[in-house]
*Asks:* 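Attaching a single structure in structure tokens format; questions to follow.
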Amino acid sequence: MLIFSGESLEDIARILFNHFNIPVKVTDEALVGYKVTDDFTDNEDLETIPNLLIQVAPFAWERAEQTIILKPKID
């Protein structure tokens with residue numbers, strides 16, 4: 001289980017890398033310190049977690065080869 005309790009996106013990127021062994025990059029300095037509180041079961045994969053996070057946080061994500069990129073949301 002992954003539990004984020006006021007973790008910054010920078011810390012979440014590191015935690016996801018350690019859990020899934022796939023690099024996660026935050027591309028915007030404004031997002032680095034954005035705090036997130038949420039929890040995820042072990043059944044949720046690396047594509048599900050960002051899809052759930054973007055519902056409550058102001059960022060978008062994409063997968064570029066073997067890297068997950070968290071970037072500002074463009075409306």
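All figures in this text were calculated on a predicted structure; none of them were measured in a lab. Reckoned from all heavy atoms, side chains included, excluding hydrogens, waters and symmetry mates.
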*Asks:* Which ILVMFWY residues can you reach from Ile69 by hopping between side chains whose heavy atoms are under 4.5 Å apart?
*Replies:*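 Its cluster partners, ordered by chain and number, are none at all.
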
*Asks:* Distance from Trp61 atom CH2 to Ile68 atom CD1, nearest 0.5 Å?
*Replies:*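 If I round to the nearest 0.5 Å, the distance is 4.5 Å.
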
*Asks:* One pair to check against side chain to side chain contact (heavy atoms under 4.5 Å, CB included): Asp28 and Lys71. What are the steps and the verdict?
*Replies:* CA-CA 6 Å; Asp28 189 279; Lys71 59 187 183 175; over 6 Å; no

*Asks:* With rounding to the nearest 0.5 angstrom, report the CD to CZ distance, Gln66 to Phe20.
*Replies:*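 So the CD of Gln66 and the CZ of Phe20 are separated by 13.0 Å.
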
*Asks:* In sequence, state the C-alpha distance, the side-chain angles, and the governing distance for Val24 and Thr67, and then conclude on side chain to side chain contact (heavy atoms under 4.5 Å, CB included).
*Replies:* CA-CA 6 Å; Val24 179; Thr67 301; over 6 Å; no

*Asks:* Given the rule in the side chain to side chain contact (heavy atoms under 4.5 Å, CB included) test, do Ile22 and Phe17 qualify, once you have shown the distances and angles that lead to the verdict?
*Replies:* CA-CA 5 Å; Ile22 294 176; Phe17 172 74; 5.6 Å; no

*Asks:* Between Phe40 and Leu52, what is the shortest heavy-atom contact and its length?
*Replies:*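 Between these two residues, the closest heavy atoms are CE2-CD1, 3.7 Å.
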
*Asks:* I'd like to know if the side chain of Thr27 and the backbone of Leu70 have a donor-acceptor N/O pair within less than 3.5 Å.
*Replies:*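 Yes.
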
*Asks:* For the residue pair Thr48 / Asp45, report whether a side-chain donor-acceptor contact shorter than 3.5 Å exists.
*Replies:*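 Side-chain D/A pair, Asp45 to Thr48: present.
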
*Asks:* Return the minimal non-hydrogen interatomic distance between Ala60 and Ile54, and the atom names on each side.
*Replies:*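 For Ala60 versus Ile54, the nearest heavy atoms are CA-CG2, 4.1 Å.
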
*Asks:* When Ile, Leu, Val, Met, Phe, Trp and Tyr are grouped by side-chain heavy atoms lying under 4.5 Å apart, directly or through other members, which residues fall in the same group as Met1?
*Replies:*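 Result for Met1 is Ile3.
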
*Asks:* What pair of heavy atoms forms the shortest contact from Ile15 to Phe4, and how long is it?
*Replies:*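 Nearest pair, atom of Ile15 first, then Phe4: CG2-CE2, 3.8 Å.
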
*Asks:* First locate atom CG of Leu16, then atom CG of Asn21, and finally report the distance between them rounded to the nearest 0.5 Å.
*Replies:*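 So the CG of Leu16 and the CG of Asn21 are separated by 12.0 Å.
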
*Asks:* Between atom CG of Leu31 and atom CD1 of Ile12, what is the distance when rounded to the nearest 0.5 Å?
*Replies:*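 It comes to 11.5 Å.
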
*Asks:* Should the pair Lys35-Glu7 be classified as a salt bridge under the 4.0 Å nitrogen-to-oxygen rule?
*Replies:*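 A salt bridge is absent here (no side-chain N lies under 4.0 Å from a carboxylate O).
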
*Asks:* Looking at every heavy atom in both Thr37 and Gly6, which two are closest together, and how far apart are they?
*Replies:*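 Looking at all heavy atoms of both residues, the shortest contact is OG1-N, 2.8 Å.
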
*Asks:* So how far is it from Tyr34 OH to Leu53 CG, rounded to the nearest 0.5 Å?
*Replies:*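 Going from the OH atom of Tyr34 to the CG atom of Leu53 covers 10.0 Å.
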
*Asks:* Restricting to salt bridge (charged side-chain N to carboxylate O under 4.0 Å, His left out), what partner residues turn up for Lys25, sequence neighbours left out?
*Replies:*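 Scan of Lys25 (salt bridge (charged side-chain N to carboxylate O under 4.0 Å, His left out), adjacent residues dropped) gives none.
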
